[in-house]
Amino acid sequence: MSSLTTLYGLSKEDVQSALRGIGVAEKQLRMRQSQLWHWIYFRGTTSFDDMTNMSLDLREKLKQHFTLERPSIVTEQISVDGTRKWLMGLTPQGPREKSPEIECVYIPESDRGTLCISSQIGCTLNCSFCHTGTQRLLRNLTAGEILGQILLAKDRIGDWPDGEAEDKTGLPSSERKITNIVLMGMGEPLYNFENVKTAMQLAMDGDGLAFSRRRITLSTSGLVPEIQRCGDEINVMLAISLHGVRDELRDILVPINKKYPIKELLNACRNYPGVSNARRITFEYVMLKDLNDSLTDARELVRLLAGIPAKINLIPFNPWPGSPYECSDWEQIERFAEIVNKAGYASPVRTPRGRDIMAACGQLKSLSEKLRASEVLDDPIKAVAGEV
Ligand code: SAH
Ligand code: SF4
């Protein structure tokens with residue numbers, strides 16, 4: 001990416017002041033901003049030359065000062081089931097930052113498609129089962145970088161009015177190929193509050209990407225003070241990485257629990273603005289063999305969540321090289337799920353997708369780093385898919 005200012009990821013007001021800065025007349029600011037937004041967020045245009053309702057002179061000026069360039073694609077992997085995983089390269093912020101990279105995963109189903117995006121490079125929280133947790137935090141993503149993941153994914157799967165995917169494997173039948181967004185990639189979104197907020201507002205704005213707020217889910221490890229703020233100011237659907245029902249265990253799995261223990265966390269959920277049976281909170285629970293998967297734990301989970309409009313998502317643990325845990329046995333997951341189901345929760349066990357491309361948290365980035373370090377990355381896609 002170049003050193004020009006990226007024109008996506010900015011609020012309407014900021015686009016207008018950027019236009020003012022290049023000499024657009026005051027009375028034209030709103031119209032020009034709204035034309036630009038149509039090109040950027042509705043049409044998916046990446047070149048100012050295509051903006052035929054702007055004068056040649058204005059297009060020239062826009063080109064001199066701004067860019068609509070996306071993050072670069074370091075690797076793109078497409079699973080046999082259509083799941084796509086991208087390692088995206090960002091513009092370094094300052095001379096000391098070496099090739100910052102993030103990952104983003106697209107999971108198509110028959111009638112919908114979910115895009116999982118990152119909010120930070122690395123993470124400050126060291127959850128012991130999560131590979132991102134072993135990478136130190138490099139920095140927060142800008143609003144443009146958060147939004148850029150969605151734009152790039154839409155480019156690649158042809159999710160624009162005139163778009164066409166190079167590879168159509170597994171794409172849904174729905175008109176829009178990305179119907180849902182989950183902030184479940186790298187990083188803790190509520191530690192990058194302002195940028196996540198700006199990006200999600202643009203994703204939800206009817207003149208922006210026009211996603212329904214019910215189709216955007218923010219997952220947090222449980223930052224109690226920011227949960228309330230998230231409801232008040234961003235107001236998207238909330239997912240909580242619970243993973244343990246006893247503080248002694250959750251302290252180890254999700255160490256931020258020492259600061260905000262389970263009771264406080266669940267109180268914040270009870271008070272989440274707008275929570276109702278129609279807008280439930282998702283509780284994520286990663287299944288770890290002999291650690292959190294006993295039937296006593298299942299009953300405790302049901303007891304703890306009583307009174308909270310909740311969905312429960314049981315996630316088979318996805319091991320990574322050197323991970324200290326194992327995934328629970330399938331029969332145990334089923335027994336656990338049965339208790340949860342009997343208590344009235346539809347708790348689909350999240351079927352692992354894109355296993356052949358290792359589409360799980362933190363894996364692609366670390367593996368590609370390792371491979372690059374040993375200089376075998378002559379064919380990144382094959383290398384990361386384990387074929388080297
Ligand atoms: N930091 C936020 C969002 C990113 S993690 C959070 O923790 O919620 C998104 C989800 O992936 C979390 O529920 C996290 O617990 C889960 N996760 C992380 N590593 C995993 C692994 N190896 N296997 C299965 N789920 C994992
Ligand atoms: Fe960070 Fe979430 Fe991973 Fe914990 S689970 S280390 S909060 S990304």
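Note: hydrogens, waters and symmetry copies are ignored here, and every other heavy atom, side chains too, is used. Start at 1 and go down the list; that is how both ligands and their atoms are numbered.
With a heavy-atom cut-off of 4.0 Å, Thr220 touches ligand 1 through its backbone alone. Looking at Glu188 against ligand 1, both its backbone and its side chain come within 4.0 Å, counting heavy atoms. Contact annotation: for Asn318 versus ligand 1, heavy atoms closer than 4.0 Å belong to both the backbone and the side chain. Contacts of His243 with ligand 1, taken as heavy-atom pairs under 4.0 Å, involve the side chain alone. When non-hydrogen atoms are compared, ligand 1 lies under 4.0 Å from the backbone of Phe129 as well as from its side chain.
Comparing Gln120, Met184, Met287 against atom 5 (S) of ligand 1, the shortest heavy-atom distance belongs to Met184. The heavy atom nearest to atom 4 (C) of ligand 1, out of those in Pro319, Ser323, Gly185, is found in Gly185. Counting only non-hydrogen atoms, the option in Gly187, Ser219, Cys327 that gets closest to atom 1 (N) of ligand 1 is Gly187. Between Pro316, Cys123, Ala239, Ser241, it is Ser241 that holds the heavy atom closest to atom 6 (C) of ligand 1.
No side-chain N or O of Thr220 forms a donor-acceptor pair with one of Glu226 less than 3.5 Å apart. Judged purely by distance below 3.5 Å, without hydrogens or angles, the side chains of Asn53 and Trp39 pair a donor atom with an acceptor atom. Asn313 and Glu284 share no side-chain donor-acceptor pair at under 3.5 Å. There is a side-chain donor-acceptor pair under 3.5 Å between Asp251 and Asn257. Using modelled atom types and a 3.5 Å distance limit, the side chains of Ser328 and Asp293 yield a donor-acceptor pair. Residues Ser79 and Asp81 bring a donor and an acceptor atom of their side chains to less than 3.5 Å of each other. Side-chain N/O atoms of Gln33 and Arg30 include no donor and acceptor closer than 3.5 Å. Tyr191 and Ser119 are not linked by any side-chain donor-acceptor pair at a separation below 3.5 angstrom, with hydrogens and angles left out of the test.
Considering backbone and side-chain atoms together, Cys130 places no N or O closer than 3.5 Å to any N or O of ligand 1. For ligand 1, none of its N or O atoms has an N or O atom of His131 under 3.5 Å away.
The distance from ligand 1 to the heavy atoms of Glu284 drops below 4.0 Å at these ligand atoms: 10 (C), 12 (C), 13 (O). Set against the non-hydrogen atoms of Trp320, the atoms of ligand 1 under 4.0 Å away are 22 (N). Set against the non-hydrogen atoms of Val286, the atoms of ligand 1 under 4.0 Å away are 24 (C), 25 (N). Ligand-side atoms of ligand 2 in range of Ser221: 7 (S), range being under 4.0 angstrom from any heavy atom.
Arg250 contributes no side-chain N or O that, together with a main-chain N or O of His243, makes up a donor-acceptor pair within less than 3.5 Å. Ser110 places no side-chain N or O within donor-acceptor distance of the main-chain N or O of Pro172, the cut-off being under 3.5 Å.
Among protein heavy atoms, the minimum distance from atom 4 (Fe) of ligand 2 is reached at Cys127 SG, 2.3 Å. For atom 2 (Fe) of ligand 2, the nearest non-hydrogen atom of the protein is Gly187 O, 4.4 Å. Ranking the protein heavy atoms by distance from atom 3 (Fe) of ligand 2 puts Cys130 SG, 2.4 Å first. The nearest protein atom to atom 6 (S) of ligand 2, hydrogens excluded, is given as Leu125 O, 3.0 Å; this is a heavy-atom distance.
Put simply, Cys123 stays out of reach of atom 4 (Fe) of ligand 2, with no N, O or S atom under 2.8 Å from it.
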Report task. Decide salt bridge (charged side-chain N to carboxylate O under 4.0 Å, His left out) for Arg335 and Glu338; before the verdict, give the C-alpha distance in whole Å, the side-chain angles of both, and the deciding distance to 0.1 Å. Result -> CA-CA 5 Å; Arg335 282 194 287 266; Glu338 200 186 314; over 6 Å; no
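Looking only at side-chain heavy atoms (C-beta outward), Phe193 and Glu233 come within less than 4.5 Å of each other.
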